[in-house]
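Okay, structure first, notes after.
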Number of protein chains: 2
Amino acid sequence: MTQTTAATATPLASAPPDATRVAVSTVIFTIRRDPRTDRMELALPLVRRTRDPHEGLWALPGGWLDVAESLEAAASRTLAETTGLEPSYLEQLYAFGAVDRSPARVVSIVYWALIRADEIPDAGIENTAWFDAASLPRLAFDHNEIVGYALWRLRNKVGYSRIAHGLLADEFTLAELREVYESILGRRLDPANFRRQAENSGTLIPTDRFRTGAHRPARLYRYDQDVELAERGPLSTRH
Amino acid sequence: MTQTTAATATPLASAPPDATRVAVSTVIFTIRRDPRTDRMELALPLVRRTRDPHEGLWALPGGWLDVAESLEAAASRTLAETTGLEPSYLEQLYAFGAVDRSPARVVSIVYWALIRADEIPDAGIENTAWFDAASLPRLAFDHNEIVGYALWRLRNKVGYSRIAHGLLADEFTLAELREVYESILGRRLDPANFRRQAENSGTLIPTDRFRTGAHRPARLYRYDQDVELAERGPLSTRH
DNA sequence: TCAAAAGTGTTCACTCTACACCCATGG
DNA sequence: CCATGGGTGTAGAGTGAACACTTTTGA
């Protein structure tokens with residue numbers, strides 16, 4: 001089972017033939033209100049491929065790893081280059097390295113990220129579009145599988161950490177926070193019990209401000225910055 | 001920030017100059033009884049480096065990724081080549097890719113594994129030795145950090161999954177299982193409560209056999225194979 | 001018969017869940 | 001004043017920690 005040695009002309013400028021190349025991709029979620037159902041839903045940006053493998057299909061934003069940059073730096077850079085986004089949360093997801101996942105041998109280090117809706121530039125970028133995470137088209141390479149895993153991790157992690165933070169503005173009501181959890185977990189949560197859990201988590205700071213609307217005003221909360229740092233695993237040296 | 005084009009002569013046989021290379025390493029734990037303290041402890045095999053970067057220091061078993069093998073296959077192969085071990089549990093840990101973690105640019109996909117003491121070949125392998133996971137010497141590259149992260153993951157995962165299985169023989173007493181948990185978590189567990197939790201987990205099958213010893217014989221248990229499969233995440237296509 | 005591990009029972013504190021209920025606001 | 005979401009109270013089920021207690025064996 002050896003790799004073909006035909007020196008095909010590839011558009012990958014400095015790629016040595018016959019070598020394994022390292023790519024970096026990012027699954028980046030935001031949350032938005034579906035105007036039709038009026039429900040919050042997870043969305044992610046995809047980039048339309050303009051070159052040969054899977055040309056025309058949508059793919060995760062990403063690019064090649066530079067020799068002089070770390071994996072996380074590469075994820076940030078390629079994400080910004082393809083989508084213009086600079087997420088507030090970025091974490092390594094998994095390294096995908098099946099031999100047949102691309103015509104050439106590519107190992108992809110995939111990151112996943114969260115971004116607040118207000119951090120998304122208004123001006124769309126050429127060949128980039130946002131999709132409902134629950135109903136994606138067929139994507140290039142193994143990217144459907146990758147998004148599925150990212151969703152699994154997001155749902156998992158929301159259960160024991162405060163990552164919902166990455167999807168909300170600085171101040172938010174408990175109902176807004178609950179809506180984030182509901183759309184990630186895909187089920188309704190009891191407002192009364194959610195409130196108690198959130199208040200007892202020790203990570204929320206009530207403010208003196210209220211969100212006024214059609215009904216009784218709701219208190220605005222902030223996340224406790226101090227808790228933020230303690231929560232990360234042993235690998236997080238960033239920030 | 002462009003790539004340097006100097007063609008340096010490197011000892012890495014088929015390495016294209018100036019490219020990022022992909023390595024695979026494995027942190028593989030077993031459990032053994034420390035003859036001095038009579039306590040169970042986690043141990044892992046290390047390989048003494050015989051070449052230039054960090055020659056003489058101990059390092060994790062591993063090697064280069066082959067162009068025609070998957071990441072997991074490479075982890076299994078390099079582990080077998082350097083230590084002769086074939087673990088019963090193998091899972092991807094993390095991809096390490098800091099620019100300065102090696103003189104050359106190397107991205108390491110690190111796996112972690114568990115192996116039962118009875119699966120370890122008696123005959124030691126040249127340049128390989130087992131170390132107490134709690135008191136390691138200074139290792140080559142960033143391998144101390146990697147082992148630390150693997151320990152963190154192991155402790156984490158033992159809380160919500162049944163991986164302790166990978167460290168025990170087919171049949172075991174609850175006291176043996178408890179000792180595994182105690183050595184992983186680093187603290188004593190109440191035998192009575194541990195028994196109830198284990199029995200109520202639905203993953204243990206009591207046998208009719210008993211382990212006889214100095215005192216009252218203890219019932220032997222097996223793990224339920226059916227539960228095994230359901231427990232894995234969405235990525236596990238193996239087996 | 002005694003030490004020690006195997007195994008059982010009970011209590012307390014805490015958490016999750018369901019759901020009844022009161023409060024405050026805009027219309 | 002009333003519909004609606006904000007916010008509180010409370011009772012039941014379930015779980016984990018602590019620990020007293022009984023059972024069974026080898027020495």
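Each chain gets a letter, A, B and so on, in the order the sequences are listed, and its residues count up from 1.
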- Item | Value in whole Å for how far the P atom of dT8(D) lies from CZ of R195(A) | 6 Å

- Task: Test side-chain contact (heavy atoms from CB on, under 4.5 Å) on L139(A) and I146(A) and set out the steps.
- Result: CA-CA 10 Å; L139(A) 304 184; I146(A) 292 176; over 6 Å; no

- Message: So if I define the base as every atom that isn't primed, P, OP1 or OP2, how would nucleotides 18-27 of chain C read as a B/S/- string at a heavy-atom cutoff under 4.0 Å?
- Response: BB---BBBS-

- Message: Pair E41(B), R32(B) - check salt bridge (charged side-chain N to carboxylate O under 4.0 Å, His left out), show working.
- Response: CA-CA 6 Å; E41(B) 68 179 18; R32(B) 65 179 185 190; 2.9 Å; yes

- Message: Nearest whole Å is fine: how far is dG26(D) C1' from R211(B) CZ?
- Response: 17 Å

- Query: Rounded to the Å, how far apart are L220(A) CG and dG5(D) P?
  - Reply: 18 Å

- Figure out the CD/P separation between Q197(B) and dT15(D), and round it to whole Å. 10 Å

- Between F29(B) and W112(B), how do the two ring planes meet: parallel, tilted or perpendicular, split at 30° and 60°? perpendicular

- Task: Dot-bracket for DNA chain C, please, read 5' to 3', with Watson-Crick or G-U wobble pairs under 3.5 Å on both distances, ( ) within the strand, [ ] crossing, | other strand, . unpaired.
- Result: |||||||||||||||||||||||||||

- Roughly how many Å is it from CG in L177(A) to P in dG7(D), rounded to a whole number? 13 Å

- Any residue meeting ring-ring contact (aromatic ring centres under 6.0 Å, His included) with Y181(A), in chain and number order, not counting sequence neighbours: F194(A)

- Could you tell me how the ring of Y149(A) sits relative to the ring of W152(A): parallel (under 30°), tilted (30 to 60°) or perpendicular (over 60°)? parallel

- Determine, for E179(B) against R33(B), whether the closest basic-nitrogen to carboxylate-oxygen distance falls under 4.0 angstrom. yes

- Those residues at least two apart in sequence (or on a different chain) that pass side chain to side chain donor-acceptor pair (under 3.5 Å) with D34(B) are none

- Task: Quickly work out the L189(B) CG to dC19(D) C1' distance and round it to whole Å.
- Result: 16 Å

- Message: Expressed as a whole number of angstroms, how long is the span from F194(A):CZ to dC16(C):C1'?
- Response: 14 Å

- Task: In whole angstrom, give the distance that lies between atom CD of E176(A) and atom C1' of dG5(D).
- Result: 13 Å

Sequence neighbours excluded and cut-off under 3.5 Å, please list the side-chain donor-acceptor pairs for residues 121-134 of chain B, or say none.
{"from": "T128(B)", "atom 1": "OG1", "to": "T82(B)", "atom 2": "O", "distance (Å)": "3.2"}
{"from": "D132(B)", "atom 1": "OD1", "to": "A134(B)", "atom 2": "N", "distance (Å)": "3.0"}
{"from": "D132(B)", "atom 1": "OD2", "to": "S135(B)", "atom 2": "OG", "distance (Å)": "3.4"}

- Message: The criterion is ring-ring contact (aromatic ring centres under 6.0 Å, His included); which residues satisfy it with F96(A), sequence neighbours excluded?
- Response: Y94(A)

